[in-house]
2 protein chains.
Amino acid sequence: MQSIYGKCPFATTQRVLQGKWAIVVLFQLSSGKKRFNQLEKSLPEITRTALTRQLRQLEEDKLIIRTVYPEVPPRVEYLLSPIGDKFKKVLDEIEIFGLDYIAQLIS
Amino acid sequence: MQSIYGKCPFATTQRVLQGKWAIVVLFQLSSGKKRFNQLEKSLPEITRTALTRQLRQLEEDKLIIRTVYPEVPPRVEYLLSPIGDKFKKVLDEIEIFGLDYIAQLIS
DNA sequence: CTGGATCCCACGCGATACTG
DNA sequence: CAGTATCGCGTGGGATCCAG
């Protein structure tokens with residue numbers, strides 16, 4: 001099961017992107033750090049539980065960094081890690097492709 | 001559930017890439033058309049059934065084209081569709097990112 | 001405000017056997 | 001050679017309730 005790691009850059013990336021909301025969350029963070037509530041509002045289709053799970057997964061995968069400010073009320077910020085930042089190049093191409101793809105589906 | 005379509009290029013692409021073997025299969029086809037057996041040999045970790053399913057899914061998603069030659073023994077070739085071809089740009093960035101990411105995980 | 005803890009179900013995926 | 005059919009299970013994801 002771990003055989004996929006350290007081998008193929010495509011299989012490894014695939015694994016990270018398996019989470020249903022991985023790409024959209026990474027996109028939301030590509031423009032800078034965001035608080036949990038901001039993400040929630042930006043993604044009306046995702047439930048709070050699902051968003052939390054996806055954020056935890058991305059954090060475990062070292063793509064994002066979670067910072068908790070011990071305040072009242074609590075404030076938690078998410079931002080791309082250095083390696084997560086490098087994923088923005090992928091996001092750019094995904095956006096180009098996605099728009100093209102959607103247009104293709106319609107016609 | 002279909003609300004994801006025609007909206008966000010990231011969510012749409014995410015959906016296509018959900019299949020566990022989508023990216024690696026697309027990569028295999030990015031270098032040109034391949035026969036079923038070729039794909040199977042290139043991907044030793046994927047079972048025949050899973051490969052078939054993934055190919056069917058990608059075909060349904062209009063990213064690949066399946067051509068059956070009515071011969072004996074049968075020959076079936078897969079190749080990227082025009083829109084699938086445009087996904088190669090994404091693959092290029094995924095490869096760059098993936099290699100970087102793997103290196104990051106080791107250190 | 002930002003979650004955690006459960007429950008629960010559908011679907012994805014693997015394994016196996018069979019086929020034109 | 002290139003599949004199909006079927007089954008069974010594990011897990012991802014939604015819903016709901018609870019909490020610091």
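A, B, ... follow the sequence lines: proteins, then strands. Residue 1 opens every chain. Please read these numbers as outputs of a predicted model, since none were measured by experiment.
Side-chain contact check for Leu29(B) versus Leu39(B): some heavy-atom pair is nearer than 4.5 Å.
Residue Arg75(A) comes nearest to Glu77(A) through the heavy atom pair NH1-OE2, 3.1 Å, listed as atom of the first residue, atom of the second, then distance.
Separating the CZ atom of Arg15(B) from the C1' atom of dG12(C) is a distance of 14 Å, rounded to the nearest angstrom. Rounded to an integer number of Å, the gap from Gln14(A) CD to dC13(C) P is 9 Å. What separates CD of Glu45(B) from P of dC13(C) is a distance of 15 Å, to the nearest Å. Between the CD atom of Gln57(B) and the P atom of dG3(D) there is a distance of 16 Å, given to the nearest Å. In this structure, CD1 of Ile46(B) is placed 15 Å from P of dG12(C), rounded to the nearest angstrom.
Between the side chain of Gln14(B) and the backbone N or O of Gly19(A), at least one donor-acceptor pair lies under 3.5 Å. Between the side chain of Ser30(A) and the backbone N or O of Lys88(A) there is no donor-acceptor pair closer than 3.5 Å.
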- In sequence, state the C-alpha distance, the side-chain angles, and the governing distance for Gln104(A) and Asp100(A), and then conclude on side chain to side chain contact (heavy atoms under 4.5 Å, CB included). CA-CA 6 Å; Gln104(A) 179 86 10; Asp100(A) 226 334; 5.6 Å; no
- From CA spacing to verdict: side chain to side chain contact (heavy atoms under 4.5 Å, CB included), Ile83(A), Lys86(A): CA-CA 5 Å; Ile83(A) 184 68; Lys86(A) 296 189 175 179; 4.2 Å; yes
- What do the steps show when you test Ile23(A) against Leu17(B) for side chain to side chain contact (heavy atoms under 4.5 Å, CB included), and what is the final call? CA-CA 10 Å; Ile23(A) 294 178; Leu17(B) 298 185; 4.3 Å; yes
Please tabulate the protein-to-nucleotide N/O contacts below 3.5 Å involving nucleotides 9-13 of chain D, giving atom names and distances.
unit_1	atom_1	unit_2	atom_2	d
dG13(D)	OP1	Lys20(A)	N	2.8

Polar atoms only, N or O, under 3.5 Å: list the protein pairs with nucleotides 1-5 of chain C and their distances.
unit_1	atom_1	unit_2	atom_2	d
dC1(C)	OP1	Asn37(A)	ND2	2.8
dC1(C)	O3'	Arg35(A)	NH2	3.3
dT2(C)	OP1	Arg35(A)	NE	3.1
dT2(C)	OP1	Arg35(A)	NH2	3.1
dT2(C)	OP2	Asn37(A)	N	3.0
dG3(C)	OP1	Arg56(A)	NH2	3.3
dG3(C)	OP1	Arg66(A)	NE	3.0
dG3(C)	OP1	Arg66(A)	NH2	2.6
dG3(C)	OP1	Tyr78(A)	OH	3.2
dG3(C)	OP2	Tyr78(A)	OH	2.5
dG3(C)	O3'	Arg56(A)	NH2	3.2
dG4(C)	OP1	Arg56(A)	NE	3.4
dG4(C)	OP1	Arg56(A)	NH2	2.7

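Every residue two or more places apart in sequence or in another chain that forms a ring pair (Phe, Tyr, Trp, His ring centres under 6.0 Å) with Phe97(A) is listed here: Tyr101(A), Phe87(B). For Phe10(B), the ring pair (Phe, Tyr, Trp, His ring centres under 6.0 Å) partners are Phe27(A), not counting sequence neighbours.
Over its length, the helix from dC1(C)-dG20(D) to dG20(C)-dC1(D) turns its helix axis by 60°, as judged from the five terminal pairs at each end, rounded to 10°.
Atom NZ of Lys34(A) has more than 12 heavy atoms from other residues, nucleotides or ligands within 6.0 Å.
By the 4.5 Å side-chain criterion applied to Ile, Leu, Val, Met, Phe, Trp and Tyr, Leu79(A) is assigned to a cluster that also includes Ile65(A).
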